[in-house]
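This report concerns only the one structure given below.
FYI, side chains are in, hydrogens and waters are out, and symmetry mates aren't considered; it's all heavy atoms of this structure.
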Amino acid sequence: MFTGIKQQATVKPGGIIELTSPDLQEGTTVEVIVLIQTEPGQANSPEGASQPARSLAQFIGAAPGNFATPEEADHFIRQERDAWNA
């Protein structure tokens with residue numbers, strides 16, 4: 001079972017992060033995940049973070065289709081429907 005501790009911290013010189021909590025017992029093994037808070041366009045933001053977010057609607061229909069023509073798509077759908085009805 002896992003329990004969590006969520007804290008904000010400031011990175012100290014040398015990339016040191018200090019986490020203290022009375023819930024942490026000496027000798028306990030813990031897993032630490034660091035999430036870096038950045039602003040778009042900030043120098044140390046992860047690659048791609050300066051790009052504006054896109055809504056799902058912007059992606060719909062933007063990718064190339066699997067069929068060259070509507071007739072090919074109809075043929076595929078008919079084959080699938082026939083396979084289910086067999």
Value for CG (D74) from CZ (R81), rounded to nearest 0.5 Å, stands at 9.0 Å
Let me check something: do V11 and V32 share a hydrophobic cluster, defined by ILVMFWY side-chain heavy atoms less than 4.5 Å apart, either directly or through other members? yes
W84 reachable from F76 in the ILVMFWY side-chain graph, under 4.5 Å edges: no
H75 and E71: side-chain donor and acceptor closer than 3.5 Å? no
Residues which pass side chain to side chain contact (heavy atoms under 4.5 Å, CB included) with D23, listed by chain and number, not counting sequence neighbours: I5, S21
Kindly compute the distance separating OG1 (T28) from CG (L24), expressed to the nearest 0.5 Å. 7.5 Å
Evaluate the side-chain contact (heavy atoms from CB on, under 4.5 Å) criterion for residues Q7 and L19: first the C-alpha distance (whole Å), next the side-chain angles of each, then the deciding distance (0.1 Å), finally the verdict. CA-CA 8 Å; Q7 292 184 8; L19 176 68; 3.0 Å; yes
Return the set of residues passing side chain to side chain contact (heavy atoms under 4.5 Å, CB included) with S55 (not counting sequence neighbours), or none when no residue passes. A57, Q58
Supply the atom-to-atom distance I17 CD1 to Q8 CD, rounded to the nearest 0.5 angstrom. 12.0 Å
With a sphere of 6.0 Å drawn around CD of Q79, does it hold more than 12 non-hydrogen atoms of other residues, nucleotides or ligands? yes
